[in-house]
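Note that the numbering runs from 1 along the sequence shown for the chain.
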Amino acid sequence: DFKANFGHMLMYAAKFVGEDYVYYDTIDSNPAYGSSPLSMLDDRHLVEGVTGLLDEADAVVHHYGDRFDLPFVNTRALEWGLEPPRPVATIDTWRTARNHLAMTSNRLRTLAESFSDVPKGDIAKNEWKLAAHGDRKTLRKMLDYCIDDVLATEQVYLALRPLIRNHPYMGIVHDLPLTHENCPVCGSAATQNRGTRRTKCFVIRRHQCLDCGSWFK
């Protein structure tokens, strides 16, 4: 298994939902990269970059990130004597697919084939080794692969959004809370009353967002 106390980061890519710009960095952007064997393991600037983006986010959308990506970043931060990122709400599309879909696989590639128009490339096992040993051509190929993963994850998230039961409240505009008729997931005012739902103790009014498809009460 790839563990953070043994391995290190080669790159990262991230974007904010709905925006076009993709943030990214690679291990060889360090000016000292390649000057010594240890310099090729120096991922501190990557850890700092990811941590800064996580600290800026209202919530983090990722695929299998609750079980791999965030623990890996936390470990690398502590290995460098850095503060790990602050606690942040997470939305794991892998978990949503596992709990609410019936796919042949819950891998991002499988979900992207159905819910995304971003083509998924392939990275061979030997290319991981080449990148880890400083082959810059392979690093560029892996960066393209990483960016495609980010774009595909965004589209998968938007498709699965009506099924996400633990979605954090996003209904804030200009620091003012929205009314109960606005969607708490995407903030849209285009919502409809969809009757009621009964719990053990109450009858709750249901609403559905006409933009993102999410249900709320």
Side-chain angles (χ1 to χ4, degrees), residues 1-15 21-54 60-82 84-85 90 92-98 101 103-157 159-160:
D1 290 343
F2 191 45
K3 297 299 182 181
N5 63 328
F6 179 75
H8 59 282
M9 295 175 62
L10 295 177
M11 64 194 62
Y12 70 81
K15 71 185 297 292
Y21 187 80
V22 177
Y23 299 85
Y24 64 87
D25 198 1
T26 57
I27 193 167
D28 62 336
S29 69
N30 183 349
Y33 183 78
S35 60
S36 68
L38 284 179
S39 72
M40 301 177 70
L41 306 176
D42 188 349
D43 63 349
R44 180 179 179 129
H45 63 294
L46 299 179
V47 178
E48 292 174 332
V50 170
T51 299
L53 288 170
L54 290 172
V60 176
V61 178
H62 49 208
H63 193 83
Y64 206 69
D66 286 346
R67 301 186 66 174
F68 180 79
D69 299 80
L70 282 183
F72 196 94
V73 172
N74 289 337
T75 306
R76 295 307 298 158
L78 293 178
E79 287 275 335
W80 281 109
L82 303 171
T90 62
D92 196 323
T93 51
W94 172 83
R95 192 179 302 277
T96 301
R98 184 195 64 175
L101 299 181
M103 307 288 287
T104 55
S105 168
N106 295 320
R107 296 175 60 194
L108 179 59
R109 175 183 295 277
T110 304
L111 298 179
E113 288 173 352
S114 295
F115 308 121
S116 167
D117 58 11
V118 178
K120 285 280 294 170
D122 288 304
I123 299 293
K125 289 184 179 180
N126 68 303
E127 290 180 310
W128 287 92
K129 296 179 180 179
L130 287 172
H133 286 84
D135 185 84
R136 286 196 153 112
K137 181 179 179 180
T138 308
L139 280 170
R140 299 285 81 73
K141 179 180 178 179
M142 290 187 68
L143 178 60
D144 291 339
Y145 178 89
C146 187
I147 291 174
D148 284 346
D149 267 6
V150 170
L151 299 176
T153 299
E154 179 181 33
Q155 293 186 9
V156 168
Y157 157 69
L160 299 188

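Distance CZ/Arg136 to CG/Leu130: 14.0 Å, rounded to 0.5 Å. Taking CZ of Arg107 as the reference point, atom CH2 of Trp94 lies at 13.5 Å (rounded to 0.5 Å). Annotation: the span from Tyr64 atom OH to Asn106 atom CG amounts to 11.0 Å, rounded to 0.5 Å. Note that OG1 of Thr110 is 10.5 Å distant from CZ of Phe115, once rounded to the nearest 0.5 Å. In this structure, the separation between CG on Asp148 and CZ on Arg109 is 10.5 Å, given to the nearest 0.5 Å. Atom CE of Met142 is separated from atom CD1 of Ile27 by 11.0 Å, given to the nearest 0.5 angstrom.
A donor-acceptor contact under 3.5 angstrom links the side chains of Asp28 and Thr26, judged on distance only.
Proximity of Arg76 to Leu46: side-chain heavy atoms (C-beta onward) are nowhere separated by under 4.5 Å. Looking at heavy atoms from C-beta onward, Pro84 lies in side-chain contact with Leu78 at the 4.5 angstrom threshold. Looking at heavy atoms from C-beta onward, Ile123 lies in side-chain contact with Lys141 at the 4.5 angstrom threshold. Side chains of Asp69 and Val60 form no contact here, defined as non-hydrogen atoms less than 4.5 Å apart. When side chains are defined from C-beta on, Val73 does not count as touching Tyr12, because their heavy atoms never get closer than 4.5 Å. For the pair His8 and Glu79, the minimum side-chain heavy-atom distance is 4.5 Å or more.
In this structure, Ala14 and Leu53 approach most closely via the heavy-atom pair CB-CD1, 4.0 Å. Taking both residues in full, the closest heavy atoms of Met103 and Ser114 are given as CE-OG, 3.7 Å, listed atom of the first, atom of the second, then distance. Nearest heavy-atom pair, Cys146 versus Met11, reported as atom, atom and distance to 0.1 Å: CB-SD, 4.2 Å. Of all non-hydrogen atoms in Leu10 and Ala131, the two that sit nearest each other are CD1-CB, 4.0 Å. When every heavy atom of Val22 is checked against every heavy atom of Ala13, the shortest pair comes out as CG1-CB, 4.3 Å. Residue Tyr23 comes nearest to Lys15 through the heavy atom pair CD1-CA, 4.5 Å, listed as atom of the first residue, atom of the second, then distance.
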### Message
Let's go through Leu54 and Leu70 carefully: what are the C-alpha distance in whole Å and the side-chain angles of both, what is the deciding distance for side-chain contact (heavy atoms from CB on, under 4.5 Å) to 0.1 Å, and is it a yes or a no?
### Response
CA-CA 10 Å; Leu54 290 172; Leu70 282 183; 3.9 Å; yes
### Task
Could you please spell out the steps behind the side-chain contact (heavy atoms from CB on, under 4.5 Å) verdict for Met9 and Val50?
CA-CA 10 Å; Met9 295 175 62; Val50 170; 3.6 Å; yes
### Message
Before you tell me yes or no, could you show the steps for Leu82 and Arg44 under side-chain contact (heavy atoms from CB on, under 4.5 Å), namely the whole-Å CA-CA distance, both residues' side-chain angles and the distance that decides it to 0.1 Å?
### Response
CA-CA 9 Å; Leu82 303 171; Arg44 180 179 179 129; 3.1 Å; yes
### Message
Assess the residue pair Asp43 and Trp80 against the criterion (side-chain contact (heavy atoms from CB on, under 4.5 Å)); give the C-alpha distance rounded to whole Å, side-chain angles, the decisive distance to 0.1 Å, and a yes or no.
### Response
CA-CA 9 Å; Asp43 63 349; Trp80 281 109; 2.6 Å; yes
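With sequence neighbours excluded, no residue forms a ring pair (Phe, Tyr, Trp, His ring centres under 6.0 Å) with Tyr33. Scanning for ring pair (Phe, Tyr, Trp, His ring centres under 6.0 Å) contacts around Phe68 gives Phe72, with sequence neighbours left out.
Heavy-atom contacts from other residues, nucleotides or ligands closer than 6.0 Å to CH2 of Trp128 number 12 or fewer.
Without hydrogens or angle criteria, Ser39 side chain to Ser35 main chain gives a donor-acceptor distance under 3.5 Å. The backbone N or O of Thr138 sits less than 3.5 Å from a side-chain atom of Asp135, completing a donor-acceptor pair.
When Asp149, Thr153, Thr90 are each tested for a side-chain contact (heavy atoms from CB on, under 4.5 Å) with His62, only one passes: Thr90.
Taking a cutoff of 4.0 Å between a charged side-chain nitrogen and a carboxylate oxygen, Asp92 and Arg98 do not qualify as a salt bridge.
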